[in-house]
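The first residue in the sequence is number 1, and the count goes up from there.
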Amino acid sequence: MKSITASRSFNICDEITEAASCINQLYPLTNFVACNSLKGYENIPFEEAMRKAKELFDARGFLPLSEYRAMYESGRISPADLNEAFRRHHRRKRRSAKPEPSQLSLSEMFDRTCKTGIVEIINKQLIKWCGAFLDQTQAQWAPIEKRSLYQFWKQSARHDQSLWWHGVKDFRKTVEALPENSEAALELQLKELEIHGENVAPYFRRHLIQLPGFASYLKWQQTDHLLNDLLSDYLAIRLHYEIVLSKLHALRYYKSQDLGLIRPILESETSKNNNCDPKSDDDYAPIWQEAYELNYRNRLLSKLVPESSKETADYHCQLVFCIDVRSEPLRRELEQRGPYSTYGFAGFFGMPMRLKELGSAFSLDLCPVLLKPEKQVKENARFNLDGRILSWQALKASALHVKKKVKSNLAGAFGLIDLLGLYSAFPLAAKTFFPSQTKKFIQTAERVITGSVDTELDLSSFSLQDKISLAEGAINGIGLSHFCKLIVLCGHKSSSVNNPFASSLDCGACGGNGGIFNARLAAEILNDKTVRAVLSTKGVDIEPDTVFIAAEHDTTTDNVRLFQPDSLDEEQQKIIERLKEDLELSGNAVRKKRSGTLPQSNFAPLNEPFERACDWAQTAPEWGLAGNAAFIAAPRDISSDTDLEGRVFLHSYDCNLDKENSVLELIMTAPLVVAQWINAQYYLSTVDNENFGSGTKTVHNVLGDFGVMSGAASDLRLGLPLQSITSPDGFGHEPMRLLAIIRARRSAIEMVLQKHSEIAQLVNNRWIRLVALEPEEMRFYELNPDGEWYQINTETGETEEETAANPLANGLRAGQTNATSILRKNHLADHKA
């Protein structure tokens, strides 16, 4: 008997796993890193994935056709781009399979045929119970021990009378009659609903997509914290509500509570009313999108310099920035002002760690979410002078805790208003009209109270071999072949207040945190004389007078703070003094260019970047990674003369130094994947913000300190707010799939793709457009879905195969056929408005 139960449980788990493949993990607000909400469909072509999104979520996968036509009229899409996209569309293998019919849940069928609203009732119940169970810090008390979601609900729901208003009289008895674990409950529920075999996973999927935000967060909890039963608990609760409410309406409309008998009737009635067969053959949005992306590809490639020709001997300082698109404008400005050589590398500098900051009770994982750090690093005060600062932090924490307790108390809240109302008005007015001055005043006051404390990192958990391995990986990954007297490792962070999505503006490579501690760790390890001595035996000869220092780039204000060590010689001191001046000038230039692109306040002083960084009412402190469109892995020389407009992830890579292609493999399997996540999140949040974004910030409501809802009760929002991607003047982000340009031999790239199927499917299914710059030929080649490389003519934007062998291309150039006319004719009737 035990073996049968185990077998059934195993099958239930498999069905849930298959059903949950349509959603991705949703990370909490503390490290809200970018992700592709449709990651489960990366194994099919992009165009087909967008059709799946339409079927499942009723989501839009492309911009409205009116947007594309407007871009055509403005010249953003040229006739040549459209013609090439048209040819690619017809050359691509057409799929003969029809879209799979979507299996509706019983509650959905009742809603469609009887207008009952069961799904809405179930969603409200699940929002309530999931919010209460998943809450981390907001609730003042927890009435029941939260052992599992199912047990928590089972014990709490017995006292819930909310379904009484919907006509359910004996809800408590139905809850008490359920089995003690969710998998057993699901087996009984599926039996009652008569859902069997291959229909189980699709049925579970229909329930998961009703609240994709909560389901995605539960999937993250289950994966990250190894809570295997969370999704099972969630589905068991949903199906119980569905059965109870469906029986109520079945008795009302069909005079029976046998759901197995009523289900075929509902299916028949629903199919009669469901005549929305998608006309994919008439939908030319993918062609317009292809032309849109081709236009950017052609413009970018025409600006790059394939052959490296610059000398590096005269550089006085090297600076390593994160590959983040916001670093590129500052790098360009800095390079133009002095003898500086800049590099791009993942912002955690290859130094994963779990950090415990001074005075903090929590630890932060400072590395990409793909990694789990093994080493703990603790920040300590030098000479143990941390008593005052720790006491101050404890006092602030206690005061906030008391304030929260009083505000949450019904009687105390009214007294608090009377006692502190006028007192609170003054700081509120100061924060509103003078945010930066108020922040400076508070910081100055805290420094007077706590004093200034220098801190150091405790690296006792790292062995010498650990340090050597990390140092060697960082040097090789960055591609440093020579060493100046001063090398700056520049992490980055963002500054904003009253912003639930603040972590999404920080460094994604550091798990949605600032990168300064990784930079400090890297600098300390690379300055270690013992580590350098061992590295020299491995062919990495760092000059004895080379010093690595850490820095932090604030992407909101474009200020760079240098962590200057005490031991600098006179020449290094001169270099760093000039660097400070040039960084200030470069930051001013970047701020000036960017200030006019952000949404503007009617109160002009609040439009300054330093005001935006601390304005509690600011909805758009910065654009973040909006505008990201390409990823370049190559020496800086090929792009240094080009204004990339802050739209490109720049990763340093020299294939001549990578004889075994190990660095190339690392770049394609880590930074490129993360860049694609970011790109996909921005793409989906832009083309359909309602389904894949988070709507306007003005109605956001933080739930349990882990997610955001719109209003008092909604699903957890999956992506970026409107203010991060749009402005009153239009889109702040151009939704395009990532263009990856790698200066490497095609054979080397193919080797990586053959070795890593998950990367190959991103390329083959057109989630990434991959272009190789052959180092010997100095020519660009694009890898098409058929696995063939085609040379790109940077003057015309066409590939060699299309130019030479495509008769349709020749006909179009001769004026025999016009793809634009075909597209516009097909849509004229439907889009006159």
Are [X] and [Y] close enough that a side-chain donor and a side-chain acceptor fall under 3.5 Å?
X	Y	answer
E335	S640	no
E379	T455	yes
Q318	S341	no
Y790	N784	no
Q761	W767	no
R636	S639	yes
D458	S460	yes
R532	N527	yes
E42	N36	yes
Q564	Q573	yes
N628	N679	yes

With distance as the sole test, does [X] use its side chain to make a donor-acceptor pair with the main-chain N or O of [Y] at under 3.5 Å?
X	Y	result
N588	K592	no
T223	W220	no
D582	L579	no
E543	F483	no
H733	G627	yes
Y682	L625	yes
T546	C484	yes
T642	L644	no
T555	R326	no
D365	R354	no

Evaluate the side-chain hydrogen bond (donor to acceptor under 3.5 Å, both in side chains) criterion for residues D466 and S463: first the C-alpha distance (whole Å), next the side-chain angles of each, then the deciding distance (0.1 Å), finally the verdict. CA-CA 5 Å; D466 291 333; S463 66; 3.0 Å; yes
Within 45° of the axis and under 6.0 Å from the centre of the six-membered ring of F46, does NZ or CZ of R737 qualify?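 Ring-cation test returns yes.
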Is K378 atom NZ crowded by more than 12 heavy atoms from other residues, nucleotides or ligands, each under 6.0 Å away?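 Atom NZ in K378 is not packed in, count stays at 12 or less.
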Validation row: F649, D324 side chains within 4.5 angstrom (heavy atoms):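 A side-chain contact is absent here, since even the closest heavy-atom pair is not under 4.5 Å.
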For E774, enumerate each residue passing the salt bridge (charged side-chain N to carboxylate O under 4.0 Å, His left out) test, keeping only those at least two apart in sequence or located in another chain.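 Residues passing salt bridge (charged side-chain N to carboxylate O under 4.0 Å, His left out) with E774: R746.
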How are the rings of H553 and F321 set to each other: parallel, tilted or perpendicular (split at 30° and 60°)?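 If you compare the ring of H553 with that of F321, the planes turn out perpendicular.
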Would you please test E584 and R591 for salt bridge (Lys or Arg N to Asp or Glu O under 4.0 Å) and show each step? CA-CA 10 Å; E584 180 62 28; R591 283 192 292 272; 3.6 Å; yes
Checking ring pair (Phe, Tyr, Trp, His ring centres under 6.0 Å) for the pair Y27/F32: CA distance, chi angles, key distance, verdict? CA-CA 5 Å; Y27 289 85; F32 192 78; 8.5 Å; no
Could you walk me through whether H316 and Y340 pass ring pair (Phe, Tyr, Trp, His ring centres under 6.0 Å), step by step? CA-CA 6 Å; H316 295 169; Y340 304 112; 8.2 Å; no
Which residues pass the side chain to side chain donor-acceptor pair (under 3.5 Å) test with S495, sequence neighbours left out?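 Partners of S495 by the side chain to side chain donor-acceptor pair (under 3.5 Å) criterion, ordered by chain and then number, come out as D554.
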